[in-house]
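This report refers to the structure that appears directly beneath it.
Bear in mind that the values here come from a model prediction, so they are computed numbers and not experimental data.
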Amino acid sequence: MLRSLLFLLLVVGAHRSVADDGYRLWLKYDLIQDAAQRKAYQQATQFIAIEGASSPVLQSAVKELQLGLKGLLGQPVSVLTGPAKKQGGIILRVNSAANVTANDRLKKLSKEGYSLRSEKGNVVVAGPTDAAVLYGTFALLRQLQTRQSLANLALTSTPKIEYRMLNHWDNPNGTVERGYAGSSIWKWYELPELLDPRYQDYARANASIGINGVVINNVNASARYLTPEYLRKVAALAKVFRAYGIRVYLSVFWAAPKTLGGLPTSDPLDPKVRSWWTDKTNEIYKTIPDFGGFLVKANSEGEPGPQDYGRNHAEGANMLTEALGQHDGIVMWRAFVYKANSNGDRFKEAYEEFKPLDGKFAAKALVQVKNGPIDFMAREPFHPLFGAMPSTPLVLEVQLTQEYLGFATHMVYLGPLIKECLETDTYSKGKGSTVAKVVDGSVDNHQISGIAGVANIGSDRNWTGHPMGQANWYAYGRLAWDHTLSSEALAKEWTRMTLTSEPKAVSTITNLLVKSRDIYVRYTMPLGLHHIMGQTVHYGPEPWLSKSARPDWTAVYYHKADSIGLGFDRTAKGSNALSLYKPEVQQMWGDAKTCPLNYLLWFHHVPWKQPLSTGRTLWNELCYRYYTGADSVVWMQQQWTQVKPAVDPALYADVAARLQAQHKEAIWWRDACVLYFQTFAKQPIPAPFAPPERSLEAVKQIVDIYQMR
């Protein structure tokens, strides 16, 4: 008894003496303080047994269970070498065909679906594949981390989307494009000989939330990844990830046949080009047998592509699927393409290029579409391609790195943004044809489906820069697995696993996260304003931007402010982009008097003095949202202060300092936008708000500093 007490004190003391640097993410296996609950868990997890043959993936499951149970319960758990002949343990079981046939519940599982159930006094983690059992193992640990009962377990879960991807925008020189959490975690000059332990921890984190694929390099790709020198490096990463059910994919440089192969062309219909890609693909699979396939950004923002040779996107994608041959891989072709047209509407460009190609993509090709039609804005209407290409599987691409959302300075939980897109109804096959059901393939009966999140991961010790940014990585993975989960439930789950289990603090932090995205929208781009951020770094406000390398990289192209009003008219009287949607959607957004205010300026040019549904005029409502949005960051600071006793001191101080910076920048956004738009509205700042203390020129000088070389 005395020895047990001393051990417990040592564990608790060691935990309290080390600051939480965020490295463990949500895989924190700290000792459960409730002695009765800990004892109940100990009685149910006295041993681990694997039924049948083991494998690297199952060994990963065993290691994770041993690590988790030792930390949570304060005692090591043994692994049985043979079949379990006693009760009170965990059995890992890859189901045989006979088991599945005999069990209706197991029939409903996909190859990655798992079940957790109580059976003859044991907890059985089962699934049709090793990867399924691994996912079930993490789900079981999540039960313990969130203090759920293990009695009478009867849980099943199967992923709704097949390919659940992270897209890294990492470059071979160690930088990360639009990355705000340090440099790339891939150390290319050390690979393949030296494997950073961080790679395994990265794989563990991804597997724990169901991510099964990683594109390791930037969509603005370098051809060097296709060289034998770099394929050996990629293979070293693939070996680490393989033990966690994760496959590696590559972004490819379209002109590689010229730059690497010495060919005079990269025309996808040229026989020598097709042969080059086939040979290269075979070489890749020889080096990486479980290689996942290719991601392609082509003829977009200066990247080369098939249109350089008069070919279309389908012809380009189909050439790569032909190169895949019988290999188990796919091609994800990005639809982020738009022409520089000062008189057009970038909103329509991708639709007009890809809609005519529906049905022309090969079976292994998926078209990857951003959640909105412009570019990862803080709030966008769903992309009109969703529901418009019934013969083509579409991959939903969302951004976790906060390119237009304050970088790692601002607390912006993206679970609500992702859910907002997923739950929007396209009406493509009648009511209920949500974006989620388009993406998971159920609306159009597609056999393959995919979702991609642009990673917010870097070399910072806590992975994401802002500690709360981890919640975005977590929520994305869980929604990729099951898009019916609520963003609030996931925020709560992440908080309990990562920050604290103290009930009041959990409630406060969950509420803070859930409201953070709407607050950010209010003080940056309210009422449907979009693309008015700083030009080069996409940081801070620059609504006055009128000159750039392309017209659609300016702010004035989008907000259309003039003496009459504000907003981009996308009705039939304007660009008519609204016509790209089904009639039910057009009806929802088509009338300025009934259009939800969050999308008002996306679709309408509204007079400054026009009364809105709030009872305020457009100008007064605009000011109201900017001012109350900035003030809401003070509320965020107050809420965070309340949880100080319940979270790690170092982590608390980190977030508190970032909230100070966020408040300063919220005021910066507020002052810049109300002062600039006031030059068109010609109206005073409405009471009770005080006019900004600085001039518009003073605010512009701050912006200029951030644009300096």
- Using distance alone, with no hydrogens and no angle criterion, decide if Y244 and E64 have a side-chain donor and acceptor under 3.5 Å apart. no
- Task: State plainly whether the residues D201 and R198 are in salt-bridge range, i.e. N to O under 4.0 Å.
- Result: no
- Message: Given 3.5 Å as the limit, does a donor-acceptor pair link the side chain of D290 with the main chain of R247, or not?
- Response: no
- Would E493 and T146 count as having a side-chain donor-acceptor pair, cut-off 3.5 Å? no
- To the nearest 0.5 Å, how far apart are CD in E119 and CD1 in I91? 6.5 Å
- What orientation do W188 and Y225 show, parallel under 30°, tilted 30 to 60°, or perpendicular over 60°? perpendicular
- Note on the structure: When Y199, Y202, F291, Y249 are each screened for ring pair (Phe, Tyr, Trp, His ring centres under 6.0 Å) with F241, the one that passes is Y202
- Query: Of all residues at least two apart in sequence or in a different chain, which pass the side chain to side chain contact (heavy atoms under 4.5 Å, CB included) check with E190?
  - Reply: K187, L194
- Query: S157 and W481: side-chain hydrogen bond (donor to acceptor under 3.5 Å, both in side chains), yes or no, with the steps?
  - Reply: CA-CA 9 Å; S157 184; W481 180 278; 2.7 Å; yes
- Query: Do R164's NZ or CZ and the ring of Y135 fall within the cation-pi criteria of under 6.0 Å and 45°?
  - Reply: yes
- Item | Inter-residue atom distance T137.OG1 - K63.NZ, 0.5 Å rounding | 13.5 Å
- Checking side-chain contact (heavy atoms from CB on, under 4.5 Å) against L92, which of V79, L134, V125 comes through? V125
- Message: Would the distance check show the side chain of T500 and the main-chain N or O of A646 forming a donor-acceptor pair, the cut-off being under 3.5 Å?
- Response: yes
- Are K28 and D20 close enough for a salt bridge, meaning some N to O gap below 4.0 Å? yes
- Item | Side-chain donor/acceptor of K492 to backbone N/O of T510, under 3.5 Å | no
- Query: Per the side-chain contact (heavy atoms from CB on, under 4.5 Å) rule, which among T321, T392, V331, L366 passes with F361?
  - Reply: T392
- Message: Ignoring hydrogens and geometry beyond distance, is a side-chain donor-acceptor pair present between T401 and W169 at under 3.5 Å?
- Response: no
- Message: Before you tell me yes or no, could you show the steps for N206 and V214 under side chain to side chain contact (heavy atoms under 4.5 Å, CB included), namely the whole-Å CA-CA distance, both residues' side-chain angles and the distance that decides it to 0.1 Å?
- Response: CA-CA 9 Å; N206 279 334; V214 176; 4.0 Å; yes
- Query: For K280, does the NZ atom sit with more than 12 other heavy atoms under 6.0 Å from it, leaving out its own atoms?
  - Reply: yes
- Query: Is the side chain of H446 donor-acceptor paired with the backbone N or O of P390 at a distance under 3.5 Å, no angle test?
  - Reply: yes
